[in-house]
Amino acid sequence: MRIDSSDPAAIERLRAALDTARATPAGALSLGGPEGPRRLGDTSEVIVRLRPGRHALVCLMRNRDGHRHTSEGEWRELLVTADSVPGGDPVATVTVTMLDFAFAGSAEWAPGDHLVRASNDGAQDHLFILHRLNDGVTLKQWLDAEKPGQLSQPVGGLARTGPGQVAYFPATLGPGTHVLICLIPDPASGRPHVELGMVREIRVQ
Ligand SMILES: [Cu+2]
């Protein structure tokens with residue numbers, strides 16, 4: 001997250017607000033990050049361009065008691081002092097546009113190595129998680145399943161990303177039906193964006 005203020009009291013208020021906030025609190029902008037590494041040994045990668053200024057690394061996962069990990073210590077401030085990489089943006093193979101509430105972009109991707117350019121053109125924060133459905137499983141079966149995780153494999157994705165932001169997600173994909181979803185809750189209704197339309201089937205073939 002990019003943080004507007006360098007005032008320690010304001011930063012501490014932001015950190016406290018994150019624990020219960022449904023959206024990125026005022027005074028911060030979510031820039032994305034890896035969505036997916038959950039088990040010991042998992043790795044995940046995203047590419048985010050940082051501008052000079054104050055930032056924080058945060059983990060928004062919740063403990064059983066409902067507190068976010070960032071409140072338990074998984075928070076680290078970062079000061080970005082200058083551009084470290086000169087030149088332009090990475091060359092993407094496919095584009096995903098995140099909207100309130102839909103994914104736009106090609107629904108057919110070639111197998112192989114990809115660099116997914118994801119932009120948030122909506123007014124709310126968005127993220128995406130990419131799953132590969134098991135062979136023979138349809139999107140409807142997956143969405144209707146009580147335990148969809150038994151019908152798919154997670155590939156990874158992009159964490160909470162604020163309006164106007166762009167990030168890149170590298171992935172190597174084999175043939176098969178994939179699905180993009182966003183699980184961020186709509187602040188007004190509390191419903192996850194996937195229920196409001198942020199689900200898209202991607203055929204890799
Ligand atoms: Cu969303």
Side-chain angles (χ1 to χ4, degrees), residues 1-3 14 17-38 44-50 55-62 66 68-70 92 94-109 114-133 139-140 142-145 148-149 151-171 173 177-204:
M1 288 184 174
R2 182 179 172 85
I3 300 174
L14 170 67
L18 270 177
D19 197 44
T20 52
R22 275 184 171 172
T24 303
L29 176 65
S30 291
L31 302 182
E35 177 76 32
R38 295 188 173 225
S44 189
E45 190 179 359
V46 292
I47 300 170
V48 178
R49 179 174 290 274
L50 303 178
H55 297 73
L57 286 171
V58 304
C59 178
L60 298 179
M61 295 288 291
R62 290 185 189 278
R68 294 196 196 271
H69 291 183
T70 198
V94 289
T95 297
V96 168
T97 304
M98 302 182 287
L99 303 164
D100 310 338
F101 301 96
F103 289 108
S106 171
E108 297 205 2
W109 299 359
H114 280 286
L115 187 61
V116 181
R117 180 187 192 274
S119 63
N120 181 350
D121 290 8
Q124 294 194 15
D125 289 354
H126 294 295
L127 58 72
F128 72 76
I129 304 172
L130 181 64
H131 294 271
R132 185 192 183 282
L133 303 191
L139 178 61
K140 181 166 187 343
W142 189 76
L143 289 171
D144 290 345
L151 302 179
S152 63
Q153 301 295 324
V155 177
L158 173 68
R160 179 181 282 269
T161 301
Q165 300 305 299
V166 172
Y168 295 82
F169 170 66
L173 303 176
T177 301
H178 292 66
V179 59
L180 289 169
I181 58 169
C182 175
L183 295 179
I184 287 182
D186 172 46
S189 65
R191 295 173 68 194
H193 289 178
V194 61
E195 292 182 7
L196 303 175
M198 283 195 84
V199 53
R200 186 166 179 87
E201 184 175 308
I202 305 285
R203 290 176 300 280
V204 177

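Counting convention: from 1, in listed order, for ligands and their atoms alike. Sequential numbering from 1 along the given sequence is applied to the chain's residues.
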**Request:** Identify, with sequence neighbours excluded, every residue that meets salt bridge (charged side-chain N to carboxylate O under 4.0 Å, His left out) alongside Arg68.
**Result:** none

**Taking every non-hydrogen atom, the tightest pair across His131 and Ser152** = ND1-OG, 3.8 Å

**Request:** Run the ring-centre check on His178 versus Trp109 and record whether the distance is less than 6.0 Å.
**Result:** no

**Message:** For Arg203, give me all partners under side-chain contact (heavy atoms from CB on, under 4.5 Å), at least two apart in sequence or on another chain.
**Reply:** Ala107, Glu108, Glu201, Gln205

**Prompt:** Leaving waters out, which protein N, O or S atoms fall under 2.8 Å from the Cu ion (ligand 1)?
**Reply:** His126 ND1, Cys182 SG, His193 ND1, Met198 SD

**Prompt:** With Ser119, which residues qualify under side-chain hydrogen bond (donor to acceptor under 3.5 Å, both in side chains), at least two apart?
**Reply:** Asp121

**Asked** Within a strict 4.5 Å, meaning less than it, do heavy atoms of the Leu139 and Val199 side chains meet?
**Response** yes

